[in-house]
There are 2 protein chains.
Amino acid sequence: MEPIDLFKALSNETRLNILHWLKEPEKHFPKQQAHLPKEVSIKGGVCVGDIQEKAQASQSTVSHYLNMMQKAGLLESVRYGQWTYYRRNDELIRQLAEYLHTEI
Amino acid sequence: MEPIDLFKALSNETRLNILHWLKEPEKHFPKQQAHLPKEVSIKGGVCVGDIQEKAQASQSTVSHYLNMMQKAGLLESVRYGQWTYYRRNDELIRQLAEYLHTEI
DNA sequence: ATTATAAATCGAAAAAATTCGATATGTCAA
DNA sequence: TTGACATATCGAATTTTTTCGATTTATAAT
């Protein structure tokens with residue numbers, strides 16, 4: 001866990017929104033997992049296009065954000081066909097909250 | 001509480017260190033409060049010069065950091081004579097940790 | 001094979017953060 | 001009241017982040 005990279009990733013409204021949306025994907029992305037057959041359902045995962053649409057930023061920007069958040073450990077991704085699904089890494093977010101009131 | 005400003009303030013190693021040092025001031029600043037008579041002791045407060053010395057950055061940089069952290073709410077300051085003492089705002093740090101695992 | 005679609009990567013312009021030395025301001029001591 | 005010291009503020013150079021459109025890569029459908 002690299003706290004500084006995590007805090008940097010959290011220092012942006014759009015990225016913070018994405019993380020928040022992914023907390024309740026079915027609520028914020030109604031047409032969730034439209035491309036996925038049930039057998040390969042990725043729990044809590046949303047594809048880049050759906051996130052981009054909601055985030056109101058360019059495709060490259062959103063892709064970059066998601067990549068940065070994944071590198072920091074906040075998200076994890078699974079590719080299915082031409083789609084990449086991103087979901088939260090709740091365990092790391094929990095660790096960060098813990099770090100915040102022990103180390104910091 | 002402005003989470004983005006808080007995360008920005010935390011996105012820097014020196015600032016993170018300062019916050020950490022101020023968690024146990026007597027441990028990290030041995031000659032603590034040398035200029036203060038006991039009557040006006042500021043619990044947990046350390047003056048800018050002592051922080052600067054430990055942080056190994058220029059005076060203006062450290063002053064700027066402390067100001068930014070105070071604006072974000074992470075620190076509070078008290079002036080005594082020509083010295084400004086900074087200490088942690090533990091309540092806000094607690095709130096941020098809480099926000100992290102409820103909102104985010 | 002060709003075409004269409006999703007996502008990643010590239011390259012660059014603009015905006016913001018970092019960091020410093022110099023200067024200003026406020027306070028204390030002689 | 002002058003000089004010394006602590007801190008804040010200013011102005012600027014450098015670095016980093018933001019953000020985009022264009023291109024590339026990977027996969028799917030015809």
Side-chain angles (χ1 to χ4, degrees), chain A residues 2 4-18 22 29 31-37 40 42 45-72 74-87, chain B residues 2 4-19 22 29 31-37 39-40 42 45-72 74-87:
Chain A
E2 286 295 335
I4 290 176
D5 291 338
L6 285 165
F7 290 132
K8 277 187 189 168
L10 296 169
S11 300
N12 174 285
E13 182 155 25
T14 300
R15 293 193 296 265
L16 223 44
N17 283 337
I18 291 172
L22 290 177
F29 302 94
K31 57 172 181 176
Q32 200 204 169
Q33 299 188 359
H35 324 291
L36 277 183
V40 280
I42 292 155
V46 178
C47 73
V48 178
D50 289 354
I51 297 173
Q52 190 217 329
E53 190 181 343
K54 196 165 172 73
Q56 298 270 54
S58 78
Q59 190 269 321
S60 56
T61 296
V62 171
S63 181
H64 178 210
Y65 282 0
L66 294 171
N67 183 254
M68 144 191 297
M69 290 167 84
Q70 180 177 30
K71 271 186 183 155
L74 290 168
L75 301 180
E76 44 195 22
S77 72
V78 180
R79 178 142 212 181
Y80 178 73
Q82 38 185 168
W83 291 276
T84 304
Y85 285 79
Y86 283 90
R87 68 179 162 211
Chain B
E2 286 296 335
I4 291 177
D5 291 338
L6 285 165
F7 290 132
K8 277 187 188 168
L10 296 169
S11 300
N12 175 285
E13 183 155 24
T14 301
R15 292 192 298 264
L16 223 46
N17 283 338
I18 291 172
L19 210 54
L22 289 178
F29 303 94
K31 55 170 182 177
Q32 198 206 169
Q33 299 188 0
H35 323 292
L36 279 182
E39 312 87 79
V40 282
I42 292 156
V46 178
C47 72
V48 178
D50 289 355
I51 297 172
Q52 190 217 327
E53 189 181 343
K54 198 167 171 70
Q56 297 271 53
S58 77
Q59 189 269 320
S60 57
T61 296
V62 172
S63 181
H64 178 210
Y65 282 0
L66 293 171
N67 183 253
M68 144 190 297
M69 291 167 85
Q70 180 177 30
K71 273 185 182 153
L74 290 168
L75 300 181
E76 44 195 20
S77 71
V78 180
R79 179 141 211 184
Y80 178 74
Q82 36 185 170
W83 292 277
T84 305
Y85 285 80
Y86 283 89
R87 66 178 163 212

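To find a chain, count down the sequence lines: A is the first, B the second, and so on, and within it residues start at 1.
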Next item on the list: Whole angstrom is fine here: how far is it from CD in E13(B) over to P in dT18(C)?
Entry: 13 Å

Margin query: I'd like to know whether L74(B) forms a side chain to side chain contact (heavy atoms under 4.5 Å, CB included) with L10(B), so could you lay out the CA-CA distance, the side-chain angles of the two residues, the decisive distance to 0.1 Å, and finally the verdict.
Written below: CA-CA 9 Å; L74(B) 290 168; L10(B) 296 169; 3.9 Å; yes

Margin query: Is there a side-chain contact between K54(B) and N17(B) in this structure, where contact means two heavy atoms from C-beta onward sitting under 4.5 Å apart?
Written below: no

Check: Rounded to the nearest Å, what distance is computed from the OH atom of residue Y65(B) to the C1' atom of nucleotide dT7(D)?
Finding: 17 Å

Next item on the list: Looking at every strand, decide which applies to Q52(A) at a 4.0 Å heavy-atom threshold: base, sugar-phosphate, or nothing.
Entry: nothing

Check: Whole-Å distance between dT17(D) P and D5(A) CG?
Finding: 9 Å

Next item on the list: Please report, rounded to the nearest Å, how far the P atom of dA12(D) is from the NE2 atom of H64(B).
Entry: 17 Å

Item checked: dT19(D) phosphate, OP1 or OP2, under 4.0 Å from N12(A) side-chain N/O -> yes

Notebook entry, point to check: Rounded to the Å, how far apart are R15(A) CZ and dT19(D) C1'?
Noted result: 11 Å

Notebook entry, point to check: Rounded to the nearest Å, what distance is computed from the CD1 atom of residue I4(B) to the P atom of nucleotide dA16(C)?
Noted result: 13 Å

Notebook entry, point to check: Between L66(A) and S60(B), which has a closest nucleotide on DNA chain C that is more 5'?
Noted result: L66(A)

Notebook entry, point to check: If only side-chain N and O atoms of S58(B) are considered, is one of them under 4.0 Å from the OP1 or OP2 phosphate oxygen of dC20(C)?
Noted result: yes

Next item on the list: Kindly indicate, with the supporting measurements, whether the criterion side chain to side chain contact (heavy atoms under 4.5 Å, CB included) is fulfilled by K71(B) and D5(B).
Entry: CA-CA 9 Å; K71(B) 273 185 182 153; D5(B) 291 338; over 6 Å; no

Checklist line | Nearest listed nucleotide, side chain of Y86(B), among dA8(D), dG26(C), dT9(D) | finding: dA8(D)

Notebook entry, point to check: Passes side chain to side chain contact (heavy atoms under 4.5 Å, CB included), F7(A) versus N12(B)? Steps please.
Noted result: CA-CA 9 Å; F7(A) 290 132; N12(B) 175 285; over 6 Å; no

Next item on the list: Please round to the nearest 0.5 Å and tell me the distance separating atom CE of M69(B) and atom CG of L16(B).
Entry: 8.0 Å

Notebook entry, point to check: With respect to the phosphate group of dA8(D), does any side-chain polar atom (N or O) of S63(B) fall under 4.0 Å of OP1 or OP2?
Noted result: yes

Next item on the list: Nearest whole angstrom, please: distance from the P of dT7(D) to the CG of N67(B).
Entry: 14 Å

Checklist line | Separation of atom NZ in K8(B) from atom P in dT18(D), rounded to whole Å | finding: 8 Å

Item checked: Contact under 4.0 Å: R79(B) side-chain N or O vs dA6(D) OP1/OP2 -> no

Margin query: Any base atoms under 4.0 Å from T84(A), or only sugar-phosphate, or nothing? Heavy atoms, all strands.
Written below: sugar-phosphate

